[in-house]
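Structure first, then comments.
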Protein chains: 2
Amino acid sequence: MKDKPLRSAPTPSVRRMPRYLRCLHALRSDRVEWISCTFLAERLNVDPTLVRKDLALTGITGKPKVGYYLPDLIMAVERFIGWDNPEDAFLVGAGHLGTALLGFEGFARHGLNIVAGFDNDPTKVGTTVADKPILDAAKLPDLAQRMHIRIGIITVGARNAQAVADLMLSGGITAIWNFAPVPLDLPEDVILENEDLSGTLAVISRRLAASGI
Amino acid sequence: MKDKPLRSAPTPSVRRMPRYLRCLHALRSDRVEWISCTFLAERLNVDPTLVRKDLALTGITGKPKVGYYLPDLIMAVERFIGWDNPEDAFLVGAGHLGTALLGFEGFARHGLNIVAGFDNDPTKVGTTVADKPILDAAKLPDLAQRMHIRIGIITVGARNAQAVADLMLSGGITAIWNFAPVPLDLPEDVILENEDLSGTLAVISRRLAASGI
DNA sequence: TCTATATCGAGAATGTTTTCTTGATAATAA
DNA sequence: TTATTATCAAGAAAACATTCTCGATATAGA
């Protein structure tokens with residue numbers, strides 16, 4: 001907690017953090033000062049000890065009978081995730097999905113600042129989406145390098161995803177959030193997260209098939 | 001495997017199935033007949049024994065030195081997921097995200113057939129998106145009941161998500177795929193999967209924060 | 001001040017998922 | 001025919017994640 005502030009943590013726990021955070025922000029708006037695991041767990045409909053274990057990962061420590069001091073807790077969670085100082089990102093693929101992400105204001109509260117979109121389509125280049133410029137994809141590597149962009153978001157079709165990923169790599173991008181339904185072939189040291197919709201769909205379908213008929 | 005063709009399986013395994021399937025379909029286009037776990041694992045960059053265990057869940061059995069017979073394997077996986085016969089679905093929220101999903105042709109190959117979109121906005125109602133009609137949200141319960149729709153997809157903002165979910169429930173929908181960033185309060189027996197973008201984002205941010213600097 | 005109680009923290013126990021290991025089998029080639 | 005090898009199958013082991021249990025502590029109320 002002191003000398004290893006960012007050591008490995010269970011991925012499921014990390015994934016749960018934003019849910020806690022959302023709830024905590026809502027509570028802050030209500031001027032709540034102290035918050036217990038029990039209460040949080042009840043509100044999110046999960047197990048209290050799970051919440052406690054997760055929060056413990058952030059290094060914060062609470063008081064018996066009272067709980068955690070909300071401002072500290074929020075800061076601890078945000079720091080744990082890495083949302084304490086926002087990070088700029090580029091997005092490639094100004095289709096509907098890309099537009100949806102460019103316009104999603106929630107990202108600002110999630111440490112992510114999409115500064116520009118890119119596309120090949122000449123009719124899109126030069127326009128703006130949600131006040132963000134759509135630029136020619138060919139300019140990405142140079143710009144990414146000069147602006148020290150580390151995060152790239154891929155919202156193009158399956159066919160072009162790998163090419164876009166390569167473009168991003170050549171611009172020095174080190175983390176890729178891939179919405180295209182293809183496995184990308186990247187160097188080991190690149191951080192890659194696939195947003196795999198069909199995976200979720202499979203879970204639903206199977207549950208339906210199993211329970212239903 | 002015989003008398004329990006649809007018994008519980010590890011969720012992570014289920015999530016991986018579509019990736020296998022995508023690869024298998026690509027191989028079928030290449031007229032491949034037999035496929036080994038080793039090959040599949042290499043192509044997807046995962047552990048061979050993991051692939052074997054996952055495929056074993058579908059109930060199929062392969063031949064040493066040869067592998068699995070591709071057509072049988074594809075059928076087995078599709079059956080396992082529940083994609084062997086397609087399921088109709090309703091989508092509510094014809095914004096950018098909703099439009100993207102309505103237009104995503106991949107769903108057809110994933111056992112999902114979105115038959116209509118719904119929205120409150122009068123300027124949207126009556127139009128079509130990707131050949132699918134956008135209808136008044138108020139008509140959803142009645143239509144869902146008459147068409148025996150079981151899957152509902154929520155792509156509205158956080159503010160309206162719970163109301164939409166309630167609307168779906170009143171129409172007899174039993175499985176909800178929620179893209180809104182709020183926890184929904186639903187009866188136990190409703191199948192709910194949240195597509196939690198901020199969860200993935202948190203994983204990326206943390207890895208960046210941990211590895212970088 | 002003293003007691004009762006809600007809550008935290010830490011470690012044990014359970015359950016789940018992944019990886020490892022070994023043995024069996026079928027195709028290929030000598 | 002026989003040896004070799006690539007591959008599957010199944011069970012054991014390990015890693016990982018979640019849930020349970022219990023003792024400690026701070027607050028509120030008697």
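By convention in this document, chain letters (A, B, ...) are assigned in the order of the sequence lines, proteins followed by strands, and residues within each chain are numbered from 1.
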Choose from [options] the nucleotide whose nearest atom is closest to any side-chain atom of [X].
{"X": "A/Lys63", "options": "D/dT18, D/dT27, C/dT18", "result": "D/dT27"}
{"X": "B/Pro64", "options": "C/dA27, D/dT19, C/dT25", "result": "C/dT25"}
{"X": "A/Lys65", "options": "D/dC8, D/dT18, D/dA26", "result": "D/dA26"}

Discussion item. Is the distance between the ring centroids of A/Tyr69 and A/Trp34 under 6.0 Å?
Written reply: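 Ring centroids of A/Trp34 and A/Tyr69 are less than 6.0 Å from each other.
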
Could you tell me how far apart [X] ([atom1]) and [N] ([atom2]) are, to the nearest whole angstrom?
{"X": "A/Leu50", "N": "C/dT16", "atom1": "CG", "atom2": "P", "value": "15 Å"}
{"X": "B/Asp54", "N": "D/dA9", "atom1": "CG", "atom2": "C1'", "value": "15 Å"}
{"X": "B/Leu57", "N": "D/dC8", "atom1": "CG", "atom2": "C1'", "value": "15 Å"}
{"X": "A/Arg52", "N": "D/dG23", "atom1": "CZ", "atom2": "P", "value": "16 Å"}
{"X": "A/Arg15", "N": "D/dT18", "atom1": "CZ", "atom2": "C1'", "value": "17 Å"}
{"X": "B/Leu55", "N": "D/dT7", "atom1": "CG", "atom2": "P", "value": "14 Å"}
{"X": "B/Tyr69", "N": "C/dA27", "atom1": "OH", "atom2": "P", "value": "15 Å"}
{"X": "B/Glu33", "N": "C/dA27", "atom1": "CD", "atom2": "C1'", "value": "16 Å"}

Worksheet item: Going through the checks in order, is the side chain to side chain contact (heavy atoms under 4.5 Å, CB included) test met by A/Asp196 and A/Ser198?
Response: CA-CA 6 Å; A/Asp196 187 7; A/Ser198 37; 2.8 Å; yes

Worksheet item: Does B/Thr61 put a side-chain nitrogen or oxygen below 4.0 Å from OP1 or OP2 of D/dC8?
Response: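 Looking at the OP1 and OP2 atoms of D/dC8, neither is under 4.0 Å from any side-chain N or O of B/Thr61.
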
With no hydrogens and no angle check, is any side-chain donor or acceptor of [X] less than 3.5 Å from a backbone partner on [Y]?
{"X": "B/Asp30", "Y": "B/Val32", "answer": "no"}
{"X": "B/Ser205", "Y": "A/Trp83", "answer": "no"}
{"X": "B/Thr58", "Y": "B/Asp54", "answer": "no"}

Worksheet entry | Any N/O donor-acceptor pair, A/Lys53 side-chain to C/dG9 base, under 3.5 Å |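 Answer no: no donor N or O sits under 3.5 Å from an acceptor.
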
Practice prompt. Tell me yes or no: between the side chains of A/Arg52 and A/Thr38, is some donor less than 3.5 Å from an acceptor?
Written response: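 The criterion, which ignores hydrogens and geometry beyond distance, is not satisfied for A/Thr38 and A/Arg52.
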
Practice prompt. Could you tell me how the ring of A/Phe107 sits relative to the ring of A/His110: parallel (under 30°), tilted (30 to 60°) or perpendicular (over 60°)?
Written response: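 Perpendicular: the ring planes of A/Phe107 and A/His110 meet at over 60°.
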
Worksheet item: Taking the nucleotide of DNA chain D with the closest heavy atom to each, which residue, A/Thr11 or B/Ser36, is nearer the 5' end?
Response: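 The 5'-side residue here is B/Ser36.
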
Item to complete: Mind running a 4.0 Å heavy-atom check of residues 40-49 of chain A against DNA chain D and sending the residues that fall below it, in number order?
Response: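 Within this stretch, A/Asp47, A/Thr49 sit under 4.0 Å of the strand.
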
